[in-house]
Amino acid sequence: MKEKMEFKTESKRLLHLMINSIYTNKEIFLRELISNASDAIDRYHLTSLTDDKLEKTNDYEIGIAFDKKKRTITITDNGMGMTYDELVSNLGTIAKSGTLEFLQTLKDKQAATADLIGQFGVGFYSAFMVSTKVVVESKSAISEKSYRWTSEGEDTYTIEESGRTARGTEITLHLRKDEDEENYSEFLDDWKIGKLVKKYSDYVRYPIRMDREKQIPKKDKEGKEIEDKFDTVTERETLNSMTPIWNKNKAELKDNELAEFYKSQYADYDDPAFTVWTDVEGAITYKSIVFIPAKAPYNLYSEKYEKGLQLYAKGVFVMDKCKELVPDYLRFVKGLVVSPDLSLNISREILQHDRQLKKIAANLEKKVLAELEKTLKNEREKYEKFWKEFGVNLKYGVYDGFGEKKDLLKDLVLFATVNQDKPVTLKEYVEKMPEGQKDIYFASAPNKDQVKVSPQMDILKKKGFDVLVLSDDIDEFMIQILREYDKHEFKSINQGDLDLLDDAEKEAIKSKEGESKDLLAAIQEILKDEVKEVKLSTRLSDSPVCLVSGEGLSFEMEKVISQMPGDKDMKADKILEINPNHPLFAAVGKVFNNDKDLLSDYAWILYDQALLIEGIAVKDPVGFADKMVRLMIKAAQ
Ligand code: ADP
Ligand code: MG
């Protein structure tokens, strides 16, 4: 029975967008389909290692064939194949949420030529860029039945049973007609296909084979070649070299060979930013190539993302994402480890306890960090680019495990600061501290402009102290774990007492505090449910008020925690600081002496203002507005 089905709505629009505009480099459809075939063979191979019901074999192949008359090109594999359900869910949905919007914005920005297909796991659909119709016949290794999936790339596809008996998948593309500028017939040319395979898929580890017609000189009865006469013979040829790259000598590799390897193996479109090549012989022998991508993969922070390196034991591929090989904070690295010392029948459980693997992992971690350190020192711009993409992971690394890695990582962290255009390391910050600065100051805010104008900056500006700007959620947590750098403590500019006044200034504040004791107590009484303390500020010079938090939790951490599931009762202590040298303070004093009722309005407005400046919502906006109105009327009387 033939069933007709619709693509999921998002898929439809995505498909349309892709076919008609996103992609200009049409030839990559071949790479995408070959990658899928190779993935499917990987899946079969890895499953067969542990599933006795599956035949164990090394007889894998990806085939390419043409029919010039019918204008079709067919790609076959003897991989895992797909069940009915898999055909529906894998080829009927482009389910990665957010992909469509992302592509749409790119298109709107005219950045549509970006090479995006593989990055979004929509590689299969690239077939429609060159085809009017795509037919997929597949038999899963775990199913008796086989199915044919057909679509013309519009709204619908059909599925019916098929007579395929061999395990695996066969994808037939009915090529489009040539148009003015677009030549699709070239994909029916075996030389062109051979070149494309070499270009994009040379390192695919299974043979990619194609029948090729060859002209060989005709021979006479004695076996002598006859001049100008040829026989046409068909030979099955393997198009890719499949040489494991780690078997080559690093020095002999051509310039872009590693980069091409990386791109074809790890579905990236940019060259890797870093390549760390390790070749160790001794107690443990292994080779490894670790890459750091130039850009974070789109799904790096999604739950589905799996970290890990490919694992080859004795040169045989045994695992795709061996997560034991990379710490969480390096989850973005890609690459492989080849070791003759590891067992072929490796299971996930064994891996967790494998001592050799642990040593390899520790070694690789050190290597990667050393490479980053070197770059930070010698190629600052490159490092800053890296930091933009992946810095947050390293910050997480500082924080994770109660800071067990903090000493390894603290000198790799970059901070934006209020006074400097370029981000700095802690070491650089400390080196630039002017005489008299003891502590390292920081402020949490989405950007430095916000910190620059905040009232809490008054005294730091005066002193010429720079301030680290923390804008990632993880930042303050990281700072708390670090506690100090090179014996300099971290201090939030809006927390606790900064202790930056000289003795005379302190004395002056103290005596003012004595004079205004009753006033401060009265304001505190009015705001008693909101603030823990009302006091004269030692950090304000131009601004009338500010809100700071006590020594424990900061406002920023309170915000972050309140967004997390679970216990939300943790609150930062609020302290309202008033600038004793601001004319407003004198005005409040006057109100206190003359009009006790009005003081309540003043106190609340001061507090609400301070909240607003902090970027915290006012609890009762209507009440705030009412008080302002009363005050405005009064001022005009
Ligand atoms: P991705 O490869 O990034 O997952 P694709 O759009 O290229 O995205 O493929 C979608 C899914 O279809 C694959 O994840 C896989 O499950 C399935 N698939 C595609 N081609 C094959 C194939 N030749 N054999 C088995 N499954 C396949
Ligand atoms: Mg794919």
Side-chain angles (χ1 to χ4, degrees), residues 30-65 74-83 86 137-144 146 164-171 193-194 197-198 200-212 234-248 261 264-267 285-289 308-322 325 335-348 350-351 354 357:
L30 187 65
R31 172 189 64 191
E32 295 300 330
L33 298 182
I34 288 175
S35 298
N36 284 350
S38 166
D39 290 349
I41 296 176
D42 279 352
R43 269 202 307 279
Y44 180 82
H45 178 69
L46 295 176
T47 318
S48 75
L49 291 181
T50 52
D51 186 339
D52 291 336
K53 289 197 284 301
L54 298 184
E55 175 206 5
K56 295 199 180 20
T57 174
N58 271 316
D59 197 6
Y60 297 115
E61 182 183 271
I62 298 166
I64 302 179
T74 299
I75 291 136
T76 39
D77 67 69
N78 51 4
M80 196 66 196
M82 282 177 274
T83 60
E86 284 167 343
E137 275 198 63
S138 197
K139 179 176 175 307
S140 165
I142 56 164
S143 160
E144 290 302 314
S146 62
R164 186 183 170 87
T165 50
R167 177 193 81 225
T169 304
E170 173 176 315
I171 301 183
I193 294 295
V197 170
K198 252 323 203 207
Y200 292 117
S201 311
D202 200 39
Y203 283 111
V204 167
R205 59 184 154 261
Y206 306 107
I208 303 167
R209 297 203 180 110
M210 178 172 72
D211 284 340
R212 251 189 182 163
T234 308
E235 267 177 26
R236 196 145 179 86
E237 213 175 273
T238 300
L239 304 174
N240 54 333
S241 71
M242 297 181 289
T243 326
I245 198 159
W246 57 85
N247 280 354
K248 298 194 178 177
F261 171 77
S264 74
Q265 286 294 300
Y266 305 105
T285 297
Y286 74 93
K287 284 184 188 174
S288 122
I289 313 176
L309 300 177
Q310 293 177 322
L311 193 61
Y312 292 79
K314 307 188 194 345
V316 178
F317 183 52
V318 290
M319 193 173 291
D320 193 27
K321 298 272 169 66
C322 180
L325 283 168
L336 56 93
V337 168
V338 189
S339 174
D341 297 345
L342 296 167
S343 139
L344 274 182
N345 289 324
I346 233 160
S347 75
R348 292 259 167 213
I350 294 175
L351 280 180
D354 195 284
L357 205 71

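Side chains included, hydrogens not; waters and symmetry mates left out as well; all remaining heavy atoms used. Since the structure is predicted, the reported quantities are computational estimates derived from the model, not experimental observations.
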> Do the side chains of Val197 and Val204 get nearer than 4.5 Å, heavy atoms only?
Replying inline: no
> Minimum heavy-atom separation for Ser138 to Met82, with atom names?
Replying inline: OG-N, 2.8 Å
> What distance separates Arg164 CZ from Thr169 OG1, expressed to the nearest 0.5 Å?
Replying inline: 6.5 Å
> Ile64 pairs by side chain to side chain contact (heavy atoms under 4.5 Å, CB included) with which of Asp211, Thr76, Leu33, Ile208?
Replying inline: Ile208
>> Can you give me the closest heavy-atom contact between Pro207 and Thr238, atom names plus distance?
In response: CB-CG2, 4.0 Å
>> Donor-acceptor check, side chain of Asn78 to backbone of Asp59, threshold 3.5 angstrom: yes or no?
In response: yes
>> Working to the nearest 0.5 angstrom, can you tell me the gap between Lys53 NZ and Thr47 OG1?
In response: 11.5 Å
> How many angstroms lie between atom OG of Ser201 and atom CD of Gln265, to the nearest 0.5 angstrom?
Replying inline: 9.5 Å
> To the nearest 0.5 Å, how far apart are CG in Leu336 and CD1 in Ile289?
Replying inline: 5.0 Å
> Under a 4.5 Å cut-off applied to non-hydrogen side-chain atoms, are His45 and Asn58 in contact?
Replying inline: yes
> Backbone N or O of Ile34 within a donor-acceptor pair of the Ser38 side chain at under 3.5 Å?
Replying inline: no
> Can you name the nearest heavy-atom pair linking Thr83 to Ser143, along with the distance?
Replying inline: CG2-CB, 4.2 Å
>> Using side-chain heavy atoms (C-beta onward) and a distance below 4.5 Å, is Met80 in contact with Ile142?
In response: yes
>> For a quick test of reading the model, state the closest non-hydrogen atom pair linking Pro340 to Thr285 and the distance between them.
In response: CD-O, 3.3 Å
> So, Arg167 side chain and Lys139 main chain: donor-acceptor pair closer than 3.5 Å or not?
Replying inline: no
>> Closer than 4.0 angstrom, basic N to acidic O: yes or no for Glu237 and Arg212?
In response: yes
> Can you find a side-chain donor-acceptor pair between Asn240 and Tyr206 that sits under 3.5 Å?
Replying inline: no
> Are any non-hydrogen side-chain atoms of Arg205 and Asp42 less than 4.5 angstrom apart?
Replying inline: yes
> Given side chains that start at C-beta, do those of Pro244 and Val338 come closer than 4.5 Å, heavy atoms only?
Replying inline: no
> Val337 and Ser288: which non-hydrogen atoms are nearest, and at how many Å?
Replying inline: CG2-CB, 3.8 Å
> For the atom pair CE (Met210) and CZ (Arg236), what is the distance rounded to the nearest 0.5 Å?
Replying inline: 9.5 Å
>> What verdict does the side-chain contact (heavy atoms from CB on, under 4.5 Å) test give for Ile75 and Leu30, after you've listed the backbone C-alpha separation in whole Å, the side-chain angles of each residue and the deciding distance to 0.1 Å?
In response: CA-CA 9 Å; Ile75 291 136; Leu30 187 65; 3.9 Å; yes
> Any side-chain heavy atom of Ser48 sitting closer than 4.5 Å to one from Thr57?
Replying inline: no
> Between CG of Asp320 and CG of Leu309, what distance do you get to the nearest 0.5 Å?
Replying inline: 10.5 Å
>> Is it the case that over 12 heavy atoms from other parts of the model lie below 6.0 angstrom from the NZ atom of Lys56?
In response: yes
>> Can you give me the closest heavy-atom contact between Gly79 and Tyr44, atom names plus distance?
In response: C-CB, 3.8 Å
